[in-house]
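The block underneath contains the structure these notes are about, expressed in structure tokens.
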Number of protein chains: 2
Amino acid sequence: MALRNAVMAALLEGEASGYDLAKEFDASVANFWMATPQQLYRELDRMEAEGLVRARVVEQERRPNKRLFSLTEAGRRQLREFTAEPLRPGAIRDELMVKVRAVDAGDAGAVRAAIAERIAWAEAKIARWERLRTRLLAGRTEDEFLAGAERIGPYLTLLRGLAFEEENIRWGRRALAVLDRRAAAVQ
Amino acid sequence: MALRNAVMAALLEGEASGYDLAKEFDASVANFWMATPQQLYRELDRMEAEGLVRARVVEQERRPNKRLFSLTEAGRRQLREFTAEPLRPGAIRDELMVKVRAVDAGDAGAVRAAIAERIAWAEAKIARWERLRTRLLAGRTEDEFLAGAERIGPYLTLLRGLAFEEENIRWGRRALAVLDRRAAAVQ
DNA sequence: CACACCTATTCAAAAAGTTGAATATCTCCC
DNA sequence: GGGAGATATTCAACTTTTTGAATAGGTGTG
């Protein structure tokens, strides 16, 4: 039941439909939590039943109607309680690292390609995050923003995401260099 | 069924009991995959039934007997196949980041404490990894090691883990500074 | 000599997450 | 005008993960 916390945190940004959230939680944008649309719709229904979110149906003309969800007072309260709960160790599950660990008994070429893919992915994500950062800063310097903005949480997580992907690239390049040197030595 | 890949990668290091693996996959030691003992014992049983691992019972005198698992040829083959499979996006699930994202509507003091906890944890993990690194290098320089060692996979993943935790510390200190400045400004 | 913690494993229920499919309309591009 | 892709949601089966127990002797500390 931890998905709901991520959903409530996302809803601090304002109303969103299940579809909107699905886009945000999609692997390509996901900040620190991933979820499929199905998961989200189910969770939103449950949360609505428990009074944590409220849905407002918006009838649309040229596309399916949608339900826009927003946080209720109870939801806000529960989110606040969540931030005060003891922290559970984060679940890391990175297949790439398992492959790298097994590279000596595995297909080195394929692992190489997987690392290269990860680098490309990280670059795309950085580009996205830089756009988001520009939007958040809205012309202010980082210092001005951090001193004056109403909400800094999303910015802080953005910084972490950026640093993570930059590190992925640095490490990935180093790993590729090491693997290439090995491959050359073998031949 | 991805846990088995992590288990097989771990077994490249040599025989291990369920208990040994449980220690390695534990939250406090885990490199890139976490699992509880229960999960591991169950998975090992299944893997044994499928012929991926083989168990050897070691009778012990002053403690319970144990079963030491090792990779079979079929397991080694399957691990190799896994390294060549297309990569699925890694599942990130970091509660701390959800809390940070919600910090503006949450309990800032508690979030601060959670970040501090993460920093302390990262420091402990770095210490552990530095010890492991020293053991792996065994007196050689990194270059000597990377050029000559039989297995470099574990070293590459260690480098990634080290960089990740160092980044956690850097980011965490920055986030704490930002939160403190805010808290001071409010009062 | 308690008490906590380590070794070593097993069982089972409940919660959560994944996968695959289906529906229906709209817009954009070639 | 045909196909891809976006908008928007729902159902259901399945697998995986989490959580809480239970067992049982050994070691180390105050």
Side-chain angles (χ1 to χ4, degrees), chain A residues 1-7 15-30 32-50 53 55-69 85-95 98, chain B residues 1-7 15-30 32-50 53 55-69 85-95 98:
Chain A
M1 287 280 203
L3 172 57
R4 56 181 47 194
N5 298 314
V7 168
E15 299 191 299
S17 66
Y19 190 74
D20 295 332
L21 291 170
K23 272 188 299 185
E24 234 211 298
F25 279 77
D26 174 58
S28 58
V29 196
F32 303 104
W33 212 274
M34 276 177 219
T36 58
Q38 295 92 320
Q39 238 181 107
L40 286 163
Y41 283 112
R42 215 172 354 150
E43 192 65 18
L44 285 165
D45 285 343
R46 281 193 210 130
M47 290 168 78
E48 193 187 6
E50 294 175 41
V53 296
R56 179 169 78 85
V57 174
V58 175
E59 306 212 2
Q60 295 186 115
E61 280 180 10
R62 284 149 210 281
R63 49 199 66 207
N65 294 344
K66 62 179 169 183
R67 289 194 300 152
L68 285 179
F69 293 92
E85 270 166 27
L87 192 60
R88 282 177 302 178
I92 308 175
R93 240 148 242 193
D94 194 338
E95 263 197 1
V98 178
Chain B
M1 288 282 201
L3 172 58
R4 59 181 46 193
N5 298 314
V7 168
E15 303 191 297
S17 67
Y19 190 74
D20 294 332
L21 291 171
K23 272 188 298 184
E24 239 214 298
F25 282 77
D26 173 60
S28 56
V29 195
F32 302 103
W33 210 275
M34 276 178 217
T36 58
Q38 294 91 321
Q39 242 181 104
L40 286 162
Y41 283 112
R42 218 175 347 146
E43 192 65 18
L44 284 165
D45 285 343
R46 282 194 210 128
M47 290 169 77
E48 193 186 7
E50 294 174 41
V53 296
R56 179 169 79 85
V57 175
V58 175
E59 307 212 1
Q60 294 185 113
E61 281 180 11
R62 284 148 210 282
R63 48 198 68 208
N65 294 344
K66 62 179 171 183
R67 290 194 300 153
L68 286 180
F69 294 90
E85 269 166 27
L87 192 59
R88 282 176 302 179
I92 308 174
R93 241 149 241 187
D94 193 338
E95 263 198 2
V98 177

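Every chain is numbered from 1, with letters handed out A, B, ... down the list of sequences.
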**Q.** Sugar-phosphate only, base, or nothing, as touched by A:R88 at under 4.0 Å among non-hydrogen atoms
**A.** sugar-phosphate
May I ask you to say what A:R4 touches in the nucleic acid, namely base, sugar-phosphate or nothing, with a heavy-atom cut-off under 4.0 Å? nothing
Going by atom type alone, with no hydrogens or angles, which donor-acceptor pairs under 3.5 Å involve a side-chain atom of residues 88-95 of chain A and a protein atom two or more places apart or on another chain?
| from | atom 1 | to | atom 2 | distance (Å) |
| --- | --- | --- | --- | --- |
| A:R88 | NE | B:E95 | OE2 | 3.4 |
| A:R88 | NH2 | B:E95 | OE2 | 2.6 |
| A:R93 | NH2 | B:M34 | O | 3.0 |
| A:D94 | OD1 | A:L96 | N | 3.0 |
| A:D94 | OD1 | A:R118 | NH2 | 3.0 |
| A:D94 | OD2 | A:R118 | NH1 | 3.2 |
| A:E95 | OE2 | B:R88 | NE | 3.4 |
| A:E95 | OE2 | B:R88 | NH2 | 2.7 |

task = Could you give me the CA-CA distance, side-chain angles and deciding distance for B:K66 and B:E59, then say whether salt bridge (charged side-chain N to carboxylate O under 4.0 Å, His left out) is met?
result = CA-CA 7 Å; B:K66 62 179 171 183; B:E59 307 212 1; over 6 Å; no
A:L3 CG to C:dT18 P, in whole Å, measures 10 Å
Ranking A:T36 and B:L68 by the position along DNA chain C of their nearest nucleotide, the one closer to 5' is B:L68
Assert: residue with more 5' nearest nucleotide on DNA chain C, out of A:A2 and B:R67, is B:R67
The single option from A:V58, A:L44, A:L68 that satisfies side chain to side chain contact (heavy atoms under 4.5 Å, CB included) with A:S17 is A:L68
Comparing nearest nucleotides in DNA chain D, the 5'-proximal residue of the pair B:E43, A:K66 is A:K66
Note: B:F25 and B:A30 closest approach over all heavy atoms is O-CB, 3.8 Å
Next on the checklist: Let's go through A:R4 and A:E50 carefully: what are the C-alpha distance in whole Å and the side-chain angles of both, what is the deciding distance for salt bridge (charged side-chain N to carboxylate O under 4.0 Å, His left out) to 0.1 Å, and is it a yes or a no?
Outcome noted: CA-CA 11 Å; A:R4 56 181 47 194; A:E50 294 175 41; 3.0 Å; yes
task: Might you work through the side-chain contact (heavy atoms from CB on, under 4.5 Å) test for B:L3 and B:V7, ending with a clear yes or no?
output: CA-CA 6 Å; B:L3 172 58; B:V7 168; 4.1 Å; yes
Contacted region of DNA chain D by chain B, from 5' end to 3' end of the hits, cut-off under 4.0 Å to heavy atoms, spans D:dT16 to D:dT27
Please tabulate, one pair per line, each protein N/O and nucleotide N/O from nucleotides 12-14 of chain C that are separated by under 3.5 Å, including the distance.
none

